[in-house]
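What follows is a short report on a single structure.
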2 protein chains.
Amino acid sequence: MEYIEVRYKLTGSRGEARAMARDICYEQTVEFPSDLLTDKSIKRSVVGEVETVTTFAPDSHEAVIHFPAAVASKELTQLLNLLYGNISIKPGIRLLDFTLPGSLYKQFKGPRFGYAVRELAGVNERRALLSTALKPMGLSAENLAELAYKFALGGIDIIKDDHGLSDQEFAPYRKRVELCQAAVEKANRETGGSSIYVPNITAGFDQLPQRLTMAAQTGILMVLVSPFLTGLDGMRWISEQESHNCAVLSHPAFSGTYVISGTGGISHRALYGKLMRLAGADGVIYPNFGGRFSFTREECESIVSGLTEESGQLKPAFPVPGGGMTMERIPEMVEVYGNDVIYLVGGGLFRHSDDLVENCRYFRKMVST
Amino acid sequence: MEYIEVRYKLTGSRGEARAMARDICYEQTVEFPSDLLTDKSIKRSVVGEVETVTTFAPDSHEAVIHFPAAVASKELTQLLNLLYGNISIKPGIRLLDFTLPGSLYKQFKGPRFGYAVRELAGVNERRALLSTALKPMGLSAENLAELAYKFALGGIDIIKDDHGLSDQEFAPYRKRVELCQAAVEKANRETGGSSIYVPNITAGFDQLPQRLTMAAQTGILMVLVSPFLTGLDGMRWISEQESHNCAVLSHPAFSGTYVISGTGGISHRALYGKLMRLAGADGVIYPNFGGRFSFTREECESIVSGLTEESGQLKPAFPVPGGGMTMERIPEMVEVYGNDVIYLVGGGLFRHSDDLVENCRYFRKMVST
């Protein structure tokens, strides 16, 4: 029987941890009291099984549980439910990691492009990519397009909408996308470059496909989505639309509680590494260490491993560290991330000097050396 | 200018709390350093404004912030982002409550049925409704239908799929829905009752509409969905499908981390009360106090207030307390919930005696007295 191997961190005494591990096996599958479950075939083919409970400190343990793969029903929604559905409500259980059997990995396409995002942005060498965001929210579509033009002139590879830009009256979606895409194309013609504009298509359940279609029709090659606002499977769906053939950049909005939730929640590696990749992100934005958010260097490294290590037939995805990053920190980041990374600089890009185009060029030079 | 009023609990010193409140105003809107934001019109029309920061204990404060309503873009996804997108990643900030201006409430239909779910289940008096779940997972569609038949014979009003039942091979969706619906209809003919069967339609982005259509074609009147697996807006979409006209029952799978996240996350009232109702749930399942999960009586009462208090034109929704509940606890629950409630008993229903139909009747009698 094929199984999904899941690791949980459990907080409590060793006796409590062992009881919690057994409870997880039932809670996440049959949701039925074990003493009332008399059907041996269900016990064998549906209920999870505790493999090990390892104690690392008096109140800190790691359980390895095997769940029958059939319970996941080949669906991302049900896989999420199996991994962390009901137990999200129980304290002291943190989802650390999971490994799918090869047959289940095959149900997921994962990143369509992965490192080939470089080719979309016309980059033929194996170097780090540069990205920035169109902001602040409140600018008109025309002003955002002007910014996009300057960023492209300055050689930024990936110019994305700020993730809060939706369809607000001050910069409606269609107008913004058309003007920003045209502005970047104009800059590309002037420089001979091939910067790409990445609109935010995060939207309601029925609007999301329309925004994707509108983007693809405008010639967009990559889109931004916040999968914890749309549902993680919405991103999986976007990435599988062959007719649109857009790469996907994921934004962590509304997901942070899972990782910063102390003894509960989901590890950085499992959430921003493995789940985002499984759900088709080609690049995964997350707050870099040392920025205005609270991730540590080790947490960021664990994300990178989740995005890149062997996982069935899935391509690796780009880490996209950002959030309060400044150009001064790039050398340290090169040390951690190497070349397979997309750097995201937002407001910090405006600080270096008054000349935005020059700031972009400086940023590009910093990364290239 | 219309605004959304949001309350956050902030953990830290008073000075830190004041700085956090100011930071939230920028982080959730322009995502731009305040010293670089020179455009006064954007400051006025986009950035949030701190109304008050009230200190309740040396390290515990409550901030009231007003965000311009236009930022929410009339979309649930962007509203969620505005309320708790980026700051979900920052420690010490808990979303306590929010109030929309009337014009924004009008963008949301909220519960289509609300208390009129009673009529769907043929209940003409203002009494508590009874519900249970088809489980354990692993039973065949035939066996689940047999269970549904017994529950309906015993007078359970609402017979729902266990939320982990998806499209697994042991009980595929279409077969399960057809057999369970037929079984409940058969029992209704025999008893003269009008129990309803509620299938779980939680599924992938492209599968969800198909499962809803299949359910509606089978004569289903209410569906179950786990909105934190599908995306909250997926539930909003389901509830607005007039042609299908199904009531919606929400399940809290994968959402628990937000409420149990200590100093971060989202309050019970805001998440299971206000957001679920705004997103169209007619009944909201959550773990009752004293069950196998960890909610307190006060937290449950706060959910009820969020589901029922005046909120624009939105109808109230039913609280559906469940989770490890036993029949013995019903009297205490009547005290807290009164008559406008749907009681959910799962495994506990099997414990009273060996005769499942009799157990249902006993349960029904307990609630009616």
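Please read these numbers as outputs of a predicted model, since none were measured by experiment. Proteins come first, then strands; the chains are lettered A, B, ... in the order of their sequence lines, and each starts at number 1. When reading the values below, keep in mind they use all heavy atoms of this one structure, side chains included, and skip hydrogens, waters and symmetry mates.
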Next on the checklist: Does the plane of the ring in B:Tyr84 sit parallel, tilted or perpendicular to the ring in A:Phe254? Use 30° and 60° as the thresholds.
Outcome noted: perpendicular
Checklist entry - Are B:Gln168 and A:Ser73 close enough that a side-chain donor and a side-chain acceptor fall under 3.5 Å? => result no
For the candidates [options], which exhibits the highest count of non-hydrogen atom pairs separated by less than 4.5 Å from chain A?
options	answer
B:Gly234, B:Ser226, B:Gly204, B:Pro209	B:Gly204
B:Leu80, B:Thr263, B:Leu229	B:Leu229
B:Ser255, B:Ala203, B:Ala70, B:Gly262	B:Ala203
B:Ile238, B:Val47, B:Ile260	B:Ile260
B:Gly138, B:Gly265, B:Pro136, B:Pro252	B:Pro136
B:Arg236, B:Glu169, B:Glu240	B:Arg236

Check each atom of [X] against the heavy atoms of chain B and say whether the ones under 4.5 Å are side chain, backbone, both or neither.
X	result
A:Lys43	neither
A:Leu208	side chain
A:Phe295	side chain
A:Val30	both
A:Ile42	side chain
A:His251	side chain

Within 6.0 angstrom of [X] [atom1], more than 12 heavy atoms from elsewhere:
X	atom1	answer
B:Gln107	CD	yes
B:Asp354	CG	no
B:Glu49	CD	no

How long is the gap from [atom1] on [X] to [atom2] on [Y], to the nearest 0.5 Å?
X	Y	atom1	atom2	result
B:Leu79	A:Ser166	CG	OG	11.0 Å
B:Ile89	A:Thr257	CD1	OG1	9.0 Å
B:Asp162	A:Thr29	CG	OG1	9.5 Å
A:Leu76	B:Gln207	CG	CD	12.5 Å
B:Ile201	A:Thr77	CD1	OG1	11.0 Å

Next on the checklist: Under 6.0 Å between ring centres: does that hold for A:Tyr258 and B:Tyr258?
Outcome noted: yes
Item to check | Residues B:Lys74, A:Asp167; criterion side chain to side chain contact (heavy atoms under 4.5 Å, CB included); working and verdict | outcome: CA-CA 9 Å; B:Lys74 303 175 185 172; A:Asp167 191 31; over 6 Å; no
Checklist entry - For A:Arg211 and B:Glu75, what are the C-alpha separation, side-chain angles and deciding distance, and is it a salt bridge (charged side-chain N to carboxylate O under 4.0 Å, His left out)? => result CA-CA 14 Å; A:Arg211 300 231 176 128; B:Glu75 295 170 324; 2.5 Å; yes
Item to check | Minimum heavy-atom distance between A:Ala253 and B:Asn81, given as atom pair plus value | outcome: CB-OD1, 3.5 Å
Checklist outcome for this item: If one checks every heavy atom of B:Leu83 against chain A at 4.5 Å, the contacting part turns out to be neither
Checklist entry - Tell me, do B:Thr202 and A:Gln78 make a side-chain contact under 4.5 Å, heavy atoms counted? => result no
Next on the checklist: Applying ring pair (Phe, Tyr, Trp, His ring centres under 6.0 Å) to B:Phe228 and A:Phe228, what does each step give before you reach the verdict?
Outcome noted: CA-CA 8 Å; B:Phe228 279 76; A:Phe228 280 75; 9.3 Å; no
Checklist entry - So B:Glu27 and A:Lys135, salt bridge (charged side-chain N to carboxylate O under 4.0 Å, His left out) or not? Walk me through it. => result CA-CA 12 Å; B:Glu27 185 70 54; A:Lys135 56 170 84 176; over 6 Å; no
Checklist entry - Is a donor on one side and an acceptor on the other found under 3.5 Å between the side chain of B:Asp233 and the backbone of A:Thr230? => result no
